[in-house]
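Below is one structure, written out as structure tokens, with a few remarks after it.
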Amino acid sequence: MRVLAVGDSYMPARFFEDAFDDFARANEVTYLEVGTDPTFVPSSPSERRLREFLGAPAQLIGSMAGIEVLVVHGAPVTDAVLDGSPSLRLVCCARGGPVNVDVEAVTARGLPLVNTPGKNAEAVADLTLAFIVALARRLPSAQQFLADGNQVRDNWEGKRFMGRDLRGLTLGIVGYGQVGQRVAVRAKAFGMTLLAYDPHVEAPDVEQVTLDELLARADVVSLHARATAENEHMMDERAFATMKPGSLLINTARETLLDEDALDAALESGRLAGAALDVFAPRRPGERPRLLSHENVLITPHLGGATYETLRQGAEMLADEITRWAAGEPLVNVANRVAVTAAEPAPAYQRDESR
């Protein structure tokens, strides 16, 4: 088996090397690192279908000859890359959404595309609880107090930053998938009461309610839903008006789930006591996120999955998929399963006992 594993500046190839150590002993695995190519401008239909990629297709094509399994994180996988190896049988992407891969081109060639959904679920759940604690204890306001040059004169200074314990607060989880379920486990340990809204998932371990009931009852609303056309701006003016006065909003999912104008108004009016966002609408270079004008807002630059453990898990998930494929076993996370109903049988090299 010939494998090409392509790392990038976010997920260096060493993570693939560590995870692929076992089967690399008996197979030919080549590791490649791609970097930003400022000269590359997407021009073909395949190239224009890609989003959020690092590098250029040409950086991969030169190494594709004879490759049976292509593994990437953020490198661009276009039709030209796929055609670089007539031997290609499996494409792997170490991301929850393979947006840097031309899924249409992969599917048209009858190739399974595996990805790594949920690889960052633990990290995002951790960040969610960190956000809840930070807002409940008014940490953004307290830090700004010191950044403005104010002094702590005595032990009574903390009175102005009186916050809330998490125990006894009600957390409303919108979207009860891999992240939402892990948030629930952590929140229970803090003594929080849990509500969940998800029309697609049964949640037997928590009280499952309608969205309106969740908004009206929750002290903290945390968004973990997938972004769809149907739920765009689900948190709009009406939703914020439904929320409990003095409640908190957390969004570690997708920026399209909320209307930032409506959130800004809810914070300005005092309806909400605070918000923490790991995602927000695109803005012009150098433009400060306007929501930071509120002292009770915490914003981070989409770092929910930015942990070393997340990268290791993504590489390990792909190592498991490649091992299954090589053994002729069903693949687990196939991103184009509708079009590719089953992976191809084990390649010919596996039936050649001399290799």
Side-chain angles (χ1 to χ4, degrees), residues 120-147 161-167 169-177 179-180 182-187 189-190 192 194-197 214-215 218-225 227 231 233-236 239-240 242-283 288-307 310:
N120 65 354
E122 298 287 348
V124 176
D126 284 350
L127 181 65
T128 299
L129 265 295
F131 275 168
I132 295 173
V133 172
L135 291 184
R137 297 303 304 273
R138 301 182 60 193
L139 298 191
S141 301
Q143 179 165 273
Q144 190 60 51
F145 172 80
L146 296 176
F161 303 112
M162 197 65 67
R164 302 286 302 276
D165 287 351
L166 297 195
R167 56 179 176 169
L169 294 184
T170 297
L171 171 64
I173 301 173
V174 179
Y176 206 65
V179 177
R182 286 167 170 81
V183 168
V185 171
R186 288 158 172 75
F190 278 90
M192 301 187 80
L194 301 180
L195 304 174
Y197 166 73
L214 181 148
L215 296 176
D219 298 295
V220 183
V221 173
S222 191
L223 307 182
H224 303 287
N231 64 22
H233 286 186
M234 66 186 300
M235 297 303 299
D236 56 12
F240 289 123
T242 305
M243 286 179 67
K244 193 175 181 179
S247 55
L248 306 171
L249 177 75
I250 311 292
N251 186 12
T252 56
R254 287 289 181 262
E255 69 278 3
T256 57
L257 296 176
L258 64 85
D259 179 339
E260 290 190 5
D261 289 333
L263 174 59
D264 187 43
L267 290 164
E268 185 66 31
S269 69
R271 179 81 186 187
L272 266 60
L277 315 174
D278 189 42
V279 289
F280 46 89
R283 62 191 194 283
R288 187 174 187 264
R290 58 176 174 158
L291 291 171
L292 284 178
S293 62
H294 302 280
E295 68 169 16
N296 52 351
V297 167
L298 175 61
I299 299 180
T300 52
H302 202 175
L303 52 75
T307 69
T310 289

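Using a 4.5 Å heavy-atom cutoff, the side chains of Leu272 and Met243 are in contact. Proximity of Leu223 to Leu249: side-chain heavy atoms (C-beta onward) are separated by under 4.5 Å at one or more points.
Remark: Ala281 engages Glu260 in a side chain to side chain contact (heavy atoms under 4.5 Å, CB included) (not counting sequence neighbours). Residues meeting the side chain to side chain contact (heavy atoms under 4.5 Å, CB included) test with Glu295, sequence neighbours left out: Arg138, Ser141. Not a single side chain to side chain donor-acceptor pair (under 3.5 Å) links Glu268 to another residue, sequence neighbours left out. With sequence neighbours excluded, the residues forming a side chain to side chain donor-acceptor pair (under 3.5 Å) with Tyr176 are Asp205, listed by chain and number. Partners of Asp264 by salt bridge (charged side-chain N to carboxylate O under 4.0 Å, His left out), not counting sequence neighbours: none found. Partners of Phe280 by ring-ring contact (aromatic ring centres under 6.0 Å, His included), not counting sequence neighbours: none found. Partners of Phe190 by ring-ring contact (aromatic ring centres under 6.0 Å, His included), not counting sequence neighbours: none found. For His302, the side chain to side chain contact (heavy atoms under 4.5 Å, CB included) test picks out Arg254, Asp278, Val279, with sequence neighbours left out. Partners of Asp219 by side chain to side chain donor-acceptor pair (under 3.5 Å), not counting sequence neighbours, listed by chain and number: Lys244. Applying the salt bridge (charged side-chain N to carboxylate O under 4.0 Å, His left out) rule to Asp261 yields the partners Arg290; only residues at least two apart in sequence or on another chain are considered. Residues passing the side chain to side chain contact (heavy atoms under 4.5 Å, CB included) test with Asp165 are Arg167, sequence neighbours excluded.
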Just list the side-chain donor-acceptor pairs under 3.5 Å for residues 123-134, sequence neighbours left out, or say none.
from   : atom 1 : to     : atom 2 : distance (Å)
Asp126 : OD1    : Arg186 : NE     : 2.7
Asp126 : OD1    : Arg186 : NH2    : 3.1
Thr128 : OG1    : Val124 : O      : 2.9
Thr128 : OG1    : Thr252 : OG1    : 3.2

